[in-house]
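In what follows, a structure is listed as structure tokens, so that the remarks can point back to it.
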Amino acid sequence: MVDRLANSEANTRRISIVENCFGAAGQPLTIPGRVLIGEGVLTKLCRKKPKARQFFLFNDILVYGNIVIQKKKYNKQHIIPLENVTIDSIQDEGELRNGWLIKTPTKSFAVYAATATEKSEWMNHITKCVSDLLSKSGKAPSSEHAAVWVPDSEAAVCMRCQKAKFTPVNRRHHCRKCGFVVCGPCSEKRFLLPSQSSKPVRICDFCYRLLCAGEPPAAPSCRPDSCGRSPKSCPNDASDDEDDDDSSD
């Protein structure tokens with residue numbers, strides 16, 4: 001079915017419409033052999049609160065963005081290669097139902113569908129696309145995944161020291177290795193996680209000790225002068241303000 005649709009006029013037209021909806025800021029999506037499998041609105045669990053996002057599933061990539069005008073305009077386009085994707089179902093809990101995890105080496109997050117049927121269809125289609133891609137390439141499924149961030153609302157105190165209470169002054173931070181919500185003193189270290197960034201990123205003290213213990217003594221990423229400095233002394237590293245879900249979603 002996918003091969004038959006790859007070069008059809010209808011498929012080309014559908015992909016062109018998606019491109020136009022993202023405008024000039026979006027990346028081109030039309031390439032030979034690419035097929036638009038499906039689309040829909042999913043609720044993405046962001047750092048501060050769940051938000052509706054428009055998702056497009058192609059046979060080789062997953063694309064999503066913010067909804068500006070439904071079916072007409074989207075922004076902040078994100079493109080995820082399906083070869084790197086692993087998905088896991090999430091049990092229903094409270095108001096968040098019909099969810100699953102989308103895990104990749106660079107970023108992992110939870111999404112929720114409106115119904116159980118919709119969830120099943122999304123998961124089945126994604127699984128089939130990933131399986132077909134890996135079969136054609138001969139590659140093994142990705143074994144490394146970024147941590148899923150714990151939402152801010154689920155942590156009133158630091159998840160590491162269990163003492164520091166979060167306030168407008170004492171801000172929340174996220175460890176890029178475990179995804180925990182931690183206070184500033186518990187996450188002053190930086191460590192190079194190549195799959196997530198070309199620069200050392202914020203991690204909690206617990207993960208820092210574990211990562212450094214597995215590194216050779218002279219490894220640059222473990223030296224205090226390269227990743228063990230306080231956030232203010234790392235001018236080239238992204239601040240947590242830039243990781244708000246409005247900018248890093």
Side-chain angles (χ1 to χ4, degrees), residues 44-51 78 80 84-88 90-91 93 96 99-112 142-217 219-249:
K44 181 177 179 292
L45 195 59
C46 299
R47 174 179 178 174
K48 292 187 176 180
K49 62 181 180 180
K51 294 183 179 181
H78 296 260
I80 302 173
N84 299 328
V85 168
T86 300
I87 58 173
D88 289 321
I90 303 174
Q91 290 186 346
E93 184 177 354
L96 295 173
W100 68 97
L101 296 177
I102 297 175
K103 301 189 295 184
T104 80
T106 57
K107 187 173 185 178
S108 302
F109 54 89
V111 292
Y112 296 85
S142 178
S143 59
E144 182 181 2
H145 306 110
V148 177
W149 283 18
V150 175
D152 285 0
S153 59
E154 293 187 15
V157 299
C158 174
M159 297 177 72
R160 285 303 181 195
C161 69
Q162 301 292 323
K163 296 178 181 178
K165 293 183 179 181
F166 295 120
T167 67
V169 176
N170 187 30
R171 297 174 52 240
R172 292 171 172 84
H173 304 281
H174 277 83
C175 171
R176 272 44 169 194
K177 182 61 179 176
C178 67
F180 276 22
V181 183
V182 290
C183 64
C186 284
S187 60
E188 292 183 337
K189 304 293 193 298
R190 295 290 191 275
F191 197 93
L192 183 63
L193 301 176
S195 63
Q196 295 189 38
S197 175
S198 60
K199 303 172 184 176
V201 293
R202 180 189 291 271
I203 60 173
C204 67
D205 291 350
F206 178 80
C207 288
Y208 180 80
R209 289 193 295 269
L210 291 181
L211 288 167
C212 285
E215 292 284 334
S221 58
C222 287
R223 294 207 316 264
D225 62 346
S226 66
C227 69
R229 295 176 291 172
S230 66
K232 290 183 180 179
S233 61
C234 290
N236 293 326
D237 190 27
S239 71
D240 266 37
D241 288 337
E242 295 171 5
D243 290 307
D244 184 84
D245 49 35
D246 286 333
S247 58
S248 69
D249 179 33

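Everything numeric here is computed off the predicted structure, so don't read it as measured data. Position 1 is the first residue of the sequence, and the numbers go up from there.
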Of all heavy-atom pairs between Ala155 and Met159, which one has the smallest distance, and what is that distance? CB-CG, 4.0 Å
Value for SG (Cys46) from CZ (Phe109), rounded to nearest 0.5 Å, stands at 9.0 Å
So CD of Gln162 and SG of Cys186: to nearest 0.5 Å the spacing works out to 9.5 Å
So, Asn170 side chain and Lys165 main chain: donor-acceptor pair closer than 3.5 Å or not? yes
Report the C-alpha separation of Arg160 and Cys207 in whole Å, then their side-chain angles, then the decisive distance to 0.1 Å, and conclude whether the side chain to side chain contact (heavy atoms under 4.5 Å, CB included) test is met. CA-CA 10 Å; Arg160 285 303 181 195; Cys207 288; 4.1 Å; yes
Non-neighbouring partners of Lys177 that pass salt bridge (charged side-chain N to carboxylate O under 4.0 Å, His left out), sequence neighbours left out: none
What I'd like to find out is whether the side chain of Glu144 reaches to under 4.5 Å of the side chain of Pro194, using heavy atoms alone. no
At what distance, to the nearest 0.5 angstrom, does CZ of Phe191 lie from CG of Leu211? 4.5 Å
Check whether more than 12 heavy atoms from other residues, nucleotides or ligands sit under 6.0 Å from atom CD of Glu93, and answer yes or no. no
Within the supplied structure, the quantity of interest is the number of heavy atoms (other residues, nucleotides, ligands) at a distance under 6.0 Å from Phe166 CZ; does it exceed 12? yes
Is Lys48 paired with Asp152 through a side-chain N to carboxylate O contact shorter than 4.0 Å? no
Give, for atom OG1 of Thr167 and atom CZ of Arg172, the distance between the pair rounded to the nearest 0.5 Å. 9.0 Å
Just by modelled atom types, is the His145 backbone N or O under 3.5 Å from a matching donor or acceptor in the Ser108 side chain? no
Determine, step by step, whether Val181 and Glu154 satisfy the side chain to side chain contact (heavy atoms under 4.5 Å, CB included) criterion, reporting the C-alpha distance in whole Å, the side-chain angles of both residues, the deciding distance to 0.1 Å, and the verdict. CA-CA 8 Å; Val181 183; Glu154 293 187 15; over 6 Å; no
Which atom names give the shortest non-hydrogen contact between Val150 and His174, and what distance separates them? O-NE2, 2.6 Å
Flag side-chain contact, heavy atom, 4.5 Å: Lys163 against Pro185: no
Could you pull out the closest heavy-atom pair between Asp205 and Ser187, with the gap in Å? OD1-N, 4.2 Å
Minimum heavy-atom distance between Cys158 and Val182, given as atom pair plus value: SG-CA, 3.7 Å
Flag, side chain of Arg47 to backbone of Trp149, donor-acceptor distance under 3.5 Å: no
Where is the tightest heavy-atom contact between Cys183 and His173, given as atom of each residue plus distance? C-CD2, 3.9 Å
Would you give the length of the straight line joining atom CD1 of Ile90 to atom CG of Leu96, rounded to the nearest 0.5 angstrom? 8.5 Å
Supply the atom-to-atom distance Thr104 OG1 to Gln196 CD, rounded to the nearest 0.5 angstrom. 8.5 Å
Which atom pair, heavy atoms only, marks the closest approach of Ser142 to Thr86? O-OG1, 3.8 Å
